[in-house]
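Read the structure below first, then the notes.
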There are 2 protein chains.
Amino acid sequence: METTNELQDFIINGYKHYIPHISIDAAIFGYHDHQLKILLSGFKSLGGYCLPGGYIKRTETLDEAANRIVAERTSLTDLYLQQYKTFGDPDRIKWNELDFEKFSEKLGIPYFKDSWLIDQTISVGYYALTDFSLVTPKAGLMSDSCDWFNIDEIPPLLYDHDQMVKDALHTLRVQLYYYPIAEKLLPAKFTLTEIHAVYETLLGKKLDIRNFPKKLVFLGLIKKLNEKRNIGPHRAPFLYKFDLKKYTKALETGTTLT
Amino acid sequence: METTNELQDFIINGYKHYIPHISIDAAIFGYHDHQLKILLSGFKSLGGYCLPGGYIKRTETLDEAANRIVAERTSLTDLYLQQYKTFGDPDRIKWNELDFEKFSEKLGIPYFKDSWLIDQTISVGYYALTDFSLVTPKAGLMSDSCDWFNIDEIPPLLYDHDQMVKDALHTLRVQLYYYPIAEKLLPAKFTLTEIHAVYETLLGKKLDIRNFPKKLVFLGLIKKLNEKRNIGPHRAPFLYKFDLKKYTKALETGTTLT
DNA sequence: TTCTATTTGGTAAATTTTACACAATAAAGT
DNA sequence: ACTTTATTGTGTAAAATTTACCAAATAGAA
């Protein structure tokens, strides 16, 4: 929080560059070792975690804003981003539970509670998918930390962000059946067992280890490479990669996956 | 437009009760005689049509606001309503093409262009389904007319509403495959041929006249009644109705329909 | 009674999904 | 060099679902 000046300026003058009353919150998902992960921002002053979020510049489209907000936490641009729902319950933020005096003092700003930030805000929910291993989470201007959490080990979140995660996850799961977006969660080369595990974890159900990869190959979505992975004292599995052409088409058209 | 006072008050003081910078626009669909219809608001001053829309009261949830806005045009509440996408391109409204002088004069308000309404606005898109025959379209506070249009005969719309219709229709079609929402477009009692026609028009593709209804019956979604409809010089078809229990469950769970 | 247009029961063929047996193989231990 | 262990991956048969379409039923008009 060394850039206090920048923060003060955002709180006092932000409304000139950002649209008030609207924010974006992003559920950024990653996958590692049979676990679905999500990126959460920690706020010491609020004593809790919430989804990474931000405001929309007056010059940006929603997608551009979401991209920027996601990039601020992951340092990666052009992640797979999907707008899934907009949240606008008038009581989604419990203003009376926030200690404005404390904030004013901490931020060095006289009347924080009168700022443009402190008013009813509707939030556009996006979810993003990324290869877990490529991300080094970064805390932002307001937040104190940013870290990966296993999806079934996240603490109760601030505001209505528990509901946001639930809805994002639901959309992700539905879309996973029709769009081969597992590609976004895997490295460029992977084994059949690995992609099988991604689908089992994300969908939360068993898929036949032989039939499932067979279908992916049959649809032409993935192609066998002439390389194997060494996995110790077992038969070395072949590596596969997504077929870009078929994959791109399936992303647009949709294909039923089991 | 006899309630000029009400309108003036909305333009001048509306921001006290409504959230600025955010609106809701609704694509209200109906079906009649092999045609999908959509409700459009006409604006003489703008010389064009757009989707019925409105602002969100500070006490309302988004769904409540959408319900109110839809009810203002249809006089019907509790229609099937789905939020499908939020639109926020900075240039979705071409401000420079609007003649504020003319508006000010017409509305009897000195500086219309300085009102809270004239600023970047993000719009939450909803689509609604309703039995065409139950609706008597009503013009609203700002609009001059409100009428049904065949979906393939709508004029170019104002703002980004062409894109909104396109996206709403896409969502409707996708959802029609998994949720038996044709129920919302049909009267309580209908023949197999009628429900078959609804699906063919909405999906824009041929469905086998025998297999399709057979599947609906097999899934238990619709049930045969002990009544027939007189259709002139042909064999009288049986009437069917949706099975409320199976139908409600399918709305939540989803079922694949061909 | 016959004709026309439409509804509907039934059934066979084609396709897709599901289940599962077993052969292949990599490396470590004996 | 052979055995053991754990995992990969080919093949195939059974089950279920989807698709195609024949032919009978039927209502009113000619």
Side-chain angles (χ1 to χ4, degrees), chain A residues 33-34 176-178 180 182 186-187 189-201 203-243 246 250 253-258, chain B residues 33-34 176-178 180 182 186-187 189-201 203-241 246 250 253-258:
Chain A
D33 192 24
H34 292 250
L176 199 62
Y177 273 97
Y178 301 105
L186 286 163
K189 299 175 180 180
F190 50 86
T191 69
L192 292 183
T193 308
E194 284 164 356
I195 192 172
H196 174 250
V198 168
Y199 275 90
E200 278 202 344
T201 338
L203 296 176
K205 74 177 194 184
K206 289 281 172 201
L207 297 170
D208 189 291
I209 185 92
R210 279 143 297 183
N211 293 331
F212 178 71
K214 215 186 300 179
K215 178 148 191 181
L216 292 179
V217 174
F218 173 74
L219 292 171
L221 284 172
I222 60 175
K223 284 201 304 199
K224 190 194 274 187
L225 298 172
N226 221 345
E227 297 174 64
K228 295 183 179 187
R229 164 161 300 164
N230 193 312
I231 53 160
H234 304 297
R235 177 175 175 175
F238 278 98
L239 287 171
Y240 284 75
K241 67 168 183 180
F242 275 87
D243 179 296
K246 285 268 177 60
T253 322
T255 329
T256 307
L257 299 179
T258 192
Chain B
D33 191 24
H34 292 251
L176 199 63
Y177 273 97
Y178 300 105
L186 285 163
K189 298 174 182 180
F190 50 86
T191 70
L192 293 184
T193 308
E194 284 163 357
I195 193 172
H196 174 250
V198 168
Y199 275 91
E200 278 201 345
T201 1
L203 295 177
K205 73 177 196 187
K206 290 281 173 203
L207 297 169
D208 189 288
I209 184 90
R210 278 141 294 184
N211 293 331
F212 178 72
K214 214 185 300 178
K215 178 149 191 181
L216 291 178
V217 174
F218 173 76
L219 292 171
L221 284 172
I222 61 176
K223 284 200 305 199
K224 190 194 274 187
L225 297 171
N226 222 345
E227 296 174 66
K228 295 183 180 187
R229 164 161 300 164
N230 193 311
I231 52 160
H234 305 298
R235 176 174 177 178
F238 278 98
L239 287 171
Y240 283 75
K241 66 167 183 179
K246 284 267 176 62
T253 322
T255 330
T256 307
L257 298 178
T258 191

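Just so we're clear, the structure is a prediction, and the values are computed from it rather than from any experiment. Note that these values count all heavy atoms, side chains included, but never hydrogens, waters or copies made by symmetry. All chains are named by letter (A, B, ...) in the order of the sequence lines, taking the proteins before the strands, and each is independently numbered beginning at 1.
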Where chain A begins and ends its contact with DNA chain D, read 5' to 3' at 4.0 Å from heavy atoms: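 Contact span on the strand: D/dA6 to D/dT12.
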Bend angle of the helix from C/dT1-D/dA30 to C/dT30-D/dA1, end axes from five pairs each (to 10°):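 Result, rounded to 10 degrees: 20°.
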Does a side-chain heavy-atom distance below 4.5 Å link [X] with [Y]?
{"X": "A/Ile195", "Y": "A/Pro213", "result": "no"}
{"X": "A/Lys214", "Y": "A/Val217", "result": "no"}
{"X": "B/Leu239", "Y": "B/Phe190", "result": "no"}
{"X": "B/Leu225", "Y": "B/Lys241", "result": "yes"}
{"X": "A/Ile222", "Y": "A/Leu192", "result": "yes"}

Between B/Tyr199 and B/Tyr177, ring centroids under 6.0 Å: no
A/Lys206 (side chain) and C/dT18 (base): donor-acceptor pair under 3.5 Å: no
Between [atom2] of [N] and [atom1] of [X], the distance in whole Å:
{"X": "A/Ile209", "N": "C/dA21", "atom1": "CD1", "atom2": "P", "value": "16 Å"}
{"X": "A/Phe218", "N": "C/dT15", "atom1": "CZ", "atom2": "P", "value": "11 Å"}
{"X": "B/Asn211", "N": "C/dA14", "atom1": "CG", "atom2": "P", "value": "16 Å"}
{"X": "B/Leu207", "N": "C/dT7", "atom1": "CG", "atom2": "C1'", "value": "17 Å"}

Any donor-acceptor pair under 3.5 Å from B/His196 side chain to B/Phe212 backbone: no
Residue closer to the 5' end of DNA chain C, A/Lys214 versus B/Thr191 (nearest nucleotide):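 Whichever sits nearer the 5' end wins; that is B/Thr191.
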Sugar-phosphate or base contact per nucleotide [nucleotides 22-30 of chain C; S, B, -; heavy atom under 4.0 Å]: -BBBBS---
Pairing of B/Lys205 and B/Glu200 as salt bridge, 4.0 angstrom limit: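 No, B/Lys205 and B/Glu200 are not salt-bridged.
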side-chain contact (heavy atoms from CB on, under 4.5 Å) partner of A/Leu176, the single match among A/Leu257, A/Val198, A/Leu203: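 That would be A/Leu203.
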Distance (rounded to the nearest 0.5 Å) between A/Lys223 NZ and A/Leu221 CG: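 Those atoms lie 11.5 Å apart.
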CZ on B/Arg229 to OG1 on B/Thr193, rounded to 0.5 Å: 10.0 Å
